[in-house]
Amino acid sequence: MKILIADDHRLVVEAVADKLKELAPDVAVVTAGNVAELLSLLSDELDLAMLDLGMPGAQGLGHVREVLRRQPRLPVVVLSGDESPVTMRAAIEAGARGFIPKAYSPDVMLSAVQLVLRGGTYVPPMMMAEAPIPATGARNAGPDPLTGQWAHALTERQRDVLNLLSQGQPNKVIGRTLGISEGTVKIHLAAIFRVLKVRNRTEAVVAARELTGS
């Protein structure tokens, strides 16, 4: 597995690279400190690219779009200190498969990367609450009974998680059923709680059952 990290903050690059080594024993990391270096390192050998928005040479999301133009099949994740839902939405709409705020813990970052590598899209909970959009690449875990505004406020994968949660399934079983890690399940639950305006699993189940009429 080969991952490109493009960021001009050396400490950030080193911390992210160290955490990514937990993905697999053979993870190779290449780094770029500016947009010119980033573009020169693009190749078909890359499995993932993690891009900062404020590196030298960047103009908004122009470098994100250029990476995707040159390597349309490469999963791109934005790793940024900007936590504006507007910026997050713009990045996802530009083609990024995820947006990870730098303030997030290393474990959350790793779980988000795992989700993207499995074909999903990582959307931060704060974005889901302010500007929900659907994610792609999610598999169906069964009938989806959610309708109305909540069906549009939750991604397909989050609806899968909520359906299993409403059946009383624990995180471990939900993760095994959907083929995702428990950490990723927790990320989805945090987004679900925020969208449904609940504080815990019990309140989420009650809200889900009220929405489905079950």
Side-chain angles (χ1 to χ4, degrees), residues 1 3 19-20 22-25 27 47-48 50 73-79 88-89 91-92 95-101 104-129 131-214:
M1 182 181 297
I3 298 175
K19 192 64 180 178
L20 290 176
E22 297 181 19
L23 288 170
V27 171
D47 297 290
L48 178 73
M50 302 182 71
R73 296 184 179 180
L74 176 65
V76 170
V77 171
V78 171
L79 184 66
M88 295 175 184
R89 169 178 277 275
I92 299 297
R97 292 271 294 280
F99 191 110
I100 306 174
Y104 277 17
S105 72
D107 287 336
V108 172
M109 183 271 293
L110 187 64
S111 294
V113 168
Q114 289 173 325
L115 173 64
V116 171
L117 288 173
R118 289 186 178 119
T121 298
Y122 176 71
V123 179
M126 64 189 77
M127 178 183 166
M128 291 301 303
I133 65 171
T136 60
R139 293 180 297 169
N140 189 9
D144 181 7
L146 292 176
T147 58
Q149 61 175 315
W150 303 116
H152 299 290
L154 296 173
T155 68
E156 288 184 53
R157 180 61 91 198
Q158 287 159 1
R159 294 199 296 272
D160 290 344
V161 170
L162 185 56
N163 288 339
L164 291 170
L165 179 67
S166 67
Q167 297 170 22
Q169 303 293 346
N171 289 357
K172 182 177 293 186
V173 174
I174 293 174
R176 186 164 59 245
T177 301
L178 299 177
I180 58 179
S181 69
E182 286 189 67
T184 300
V185 172
K186 292 178 182 179
I187 289 174
H188 288 316
L189 287 175
I192 290 168
F193 294 170
R194 192 176 183 96
V195 170
L196 298 183
K197 293 180 171 47
V198 298
R199 295 167 296 179
N200 52 50
R201 295 168 63 94
T202 301
E203 291 182 2
V205 170
V206 171
R209 289 176 177 172
E210 287 179 351
L211 289 170
T212 61
S214 60

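Predicted model, so just to flag it, every value in this text is computed and none were measured.
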Peer 1: Return the CD1 to CG distance between Ile180 and Asp160, rounded to the nearest 0.5 Å.
Peer 2: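 That separation rounds to 8.5 Å.
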Peer 1: Looking only at non-hydrogen atoms, find the nearest pair between Thr121 and Gly98 and report the distance.
Peer 2: CG2-N, 4.5 Å
Peer 1: Residues two or more places apart in sequence or in another chain: which of them pass side chain to side chain contact (heavy atoms under 4.5 Å, CB included) with Ile192?
Peer 2: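 Checked Ile192 against side chain to side chain contact (heavy atoms under 4.5 Å, CB included); matches are Leu154, Gln158, Val161, Leu162, Leu189, Leu196.
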Peer 1: On a heavy-atom basis, which atom in Leu74 and which in Asp47 lie closest, and how many Å separate them?
Peer 2: CD1-C, 3.9 Å
Peer 1: How far apart are the closest heavy atoms of Pro75 and Val116, and which atoms are they?
Peer 2: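 Distance-wise, the nearest heavy atoms are CB-CG1, 3.9 Å.
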Peer 1: Please evaluate residues Thr184 and Arg157 with respect to the criterion side chain to side chain contact (heavy atoms under 4.5 Å, CB included), reporting the C-alpha separation (whole Å), side-chain torsions for both, the decisive distance (0.1 Å), and the verdict.
Peer 2: CA-CA 11 Å; Thr184 300; Arg157 180 61 91 198; over 6 Å; no
Peer 1: With a 4.5 Å limit on heavy-atom distance, are the side chains of Leu117 and Leu48 in contact?
Peer 2: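 Sidechains of Leu48 and Leu117: in contact.
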Peer 1: Considering all heavy atoms of both residues, which atom of Met88 and which atom of Pro101 are nearest to each other, and what is their separation?
Peer 2: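 Heavy-atom minimum between the residues: CE-CG, 3.9 Å.
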Peer 1: So Gln169 and Thr177, do their side chains get closer than 4.5 Å, heavy atoms only?
Peer 2: no
Peer 1: Which distance, rounded to the nearest 0.5 Å, do you find between the CZ of Arg201 and the CG of Leu165?
Peer 2: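 With rounding to 0.5 Å, CZ (Arg201) is 5.0 Å from CG (Leu165).
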Peer 1: Find the distance between CE (Met109) and CE (Met50) and round it off to the nearest 0.5 Å.
Peer 2: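 Reported value, rounded in 0.5 Å steps: 5.5 Å.
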Peer 1: Is there side-chain contact between Tyr122 and Val77, with at least one heavy-atom pair below 4.5 Å?
Peer 2: no
Peer 1: Can you name the closest pair of heavy atoms from Ile187 and Ser111 and give their distance?
Peer 2: CD1-CB, 3.4 Å
Peer 1: Indicate the atoms forming the closest heavy-atom contact of Ile92 with Phe99, along with that distance.
Peer 2: CD1-N, 4.3 Å
Peer 1: I'd like to check the side chain to side chain contact (heavy atoms under 4.5 Å, CB included) partners of Lys172; sequence neighbours left out, ordered by chain and number.
Peer 2: Arg176, Glu182
Peer 1: Tell me every residue that passes salt bridge (charged side-chain N to carboxylate O under 4.0 Å, His left out) with Asp107, counting only those two or more places apart in sequence or in another chain.
Peer 2: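 For Asp107 the salt bridge (charged side-chain N to carboxylate O under 4.0 Å, His left out) partners, ignoring immediate neighbours, are Lys19.
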